Amino acid sequence: MAFFWCYDSPFGSYTAAEDGVGICALYFGQRPVSGGWTQKETSLLKETALQLEEYFSGSRRQFDLPLSLTGTPFQLADWAALQTIPYGQTRCYQQIAEQLGNPKACRAVGLANNRNPVAVIVPCHRVLGKDGRLVGYAGGLAVKEGLLKLERAHR
């Protein structure tokens, strides 16, 4: 059984979902999750909302939530690499590609980041263009910029 619930944040509403194993989706915006999902606020979704509130207030720097991520082996490796970027710091796509052992895989890293199903918790917002510009974020560049400013203000 899989469940989702919508919450508010300083960056607008977001939808969190869990599949009985862990958090499997977190998207900005209120949108129902397709494929037999039930709208219900479970204890794991409540804990997710609490940890996100702490993050948005600047009192939480790391999440302690079970995740249930599905993707290609490259995507899973990319998402694991993203979780090693410290709070308040950034990396460029090439640095992540190098960390994954393939320095020419910058575009593949960008595509994997774009498919990140658990925004904020798997911090793809911490990845910038090689020149330091904000590029690509499924939640929108204004949200990406806001998340980075929030982290820098609470370092």
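Note that the coordinates shown come from a computational prediction; the quantities given were computed from them, not determined experimentally. Sequence positions, counted from 1, serve as the residue numbers for this chain.
- With rounding to the nearest 0.5 Å, the separation of CD1 in I23 from CG in L69 is 10.0 Å.
- Between L150 atom CG and S57 atom OG the span is 8.5 Å, to the nearest 0.5 Å.
- Side-chain atoms of Q51 never come within 3.5 Å of backbone atoms of T48 as a donor-acceptor pair (strictly under, hydrogens ignored).
- Looking at S13 and Y27, their side chains never come closer than 4.5 Å, going by heavy atoms from C-beta outward.
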Going through the distances and angles, do T90 and R152 end up as a side chain to side chain contact (heavy atoms under 4.5 Å, CB included)?
CA-CA 10 Å; T90 59; R152 288 179 181 136; 3.7 Å; yes
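- Note: the hydrophobic cluster containing V21 does not contain L67 (ILVMFWY, side chain heavy atoms under 4.5 Å, direct or indirect links).
- Sequence neighbours left out, not one pair with a member in residues 67-100 passes ring pair (Phe, Tyr, Trp, His ring centres under 6.0 Å).
- Between N116 atom CG and Q83 atom CD the span is 8.5 Å, to the nearest 0.5 Å.
- No more than 12 heavy atoms of other residues, nucleotides or ligands sit less than 6.0 Å from atom CD of Q62.
- Scanning both residues, A112 and D78, for their nearest heavy atoms gives CB-OD2, 3.4 Å.
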Distance-only donor-acceptor hits, side chain of residues 117-137, under 3.5 Å, sequence neighbours excluded:
from: H125; atom 1: NE2; to: Y55; atom 2: OH; distance (Å): 3.4
from: H125; atom 1: NE2; to: E151; atom 2: OE2; distance (Å): 2.8
from: R126; atom 1: NE; to: E151; atom 2: OE1; distance (Å): 2.9
from: R126; atom 1: NE; to: E151; atom 2: OE2; distance (Å): 3.2
from: R126; atom 1: NH1; to: I85; atom 2: O; distance (Å): 2.7
from: R126; atom 1: NH2; to: E151; atom 2: OE2; distance (Å): 3.0
from: K130; atom 1: NZ; to: Q94; atom 2: OE1; distance (Å): 3.0
from: D131; atom 1: OD1; to: R133; atom 2: N; distance (Å): 3.1
from: D131; atom 1: OD1; to: R133; atom 2: NE; distance (Å): 3.4
from: D131; atom 1: OD2; to: R133; atom 2: NE; distance (Å): 2.8

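- In this structure, a donor-acceptor pair under 3.5 Å is present between the side chains of Q99 and T84.
- In this structure, CG in L147 is found 11.5 Å from NZ in K149, a value given to the nearest 0.5 Å.
- Between the side chains of S68 and E18, no donor N or O sits under 3.5 Å from an acceptor N or O.
- The closest donor-acceptor contact from the side chain of D19 to the backbone of G22 lies under 3.5 Å.
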Any chance you could lay out the side chain to side chain contact (heavy atoms under 4.5 Å, CB included) test for L141 and K144, step after step, and finish with the verdict?
CA-CA 5 Å; L141 290 181; K144 183 173 187 167; 4.3 Å; yes
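- F4 and L50 fall into different hydrophobic clusters, defined by Ile, Leu, Val, Met, Phe, Trp and Tyr side-chain heavy atoms under 4.5 Å apart, directly or through other members.
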Determine whether L52 and L26 satisfy the following criterion, side chain to side chain contact (heavy atoms under 4.5 Å, CB included), listing intermediate values before the conclusion.
CA-CA 11 Å; L52 283 162; L26 192 133; 3.3 Å; yes
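- F56 meets the ring-ring contact (aromatic ring centres under 6.0 Å, His included) test with F11; sequence neighbours excluded.
- The shortest side-chain heavy-atom distance between P66 and L44 falls under the 4.5 Å cut-off.
- Remark: Q39 CD to L45 CG distance equals 10.5 Å, nearest 0.5 Å.
- One distance of note links CD of E54 with CG of D64; it measures 10.5 Å at 0.5 Å rounding.
- Side-chain heavy atoms closer than 4.5 Å link hydrophobic residues (I, L, V, M, F, W, Y) into clusters, and following such links, possibly through other members, connects L76 to F63.
- K46 places none of its side-chain heavy atoms less than 4.5 Å from the side chain of T42.
- Residues W37 and A17 approach most closely at CZ3-CB, 3.7 Å, considering heavy atoms.
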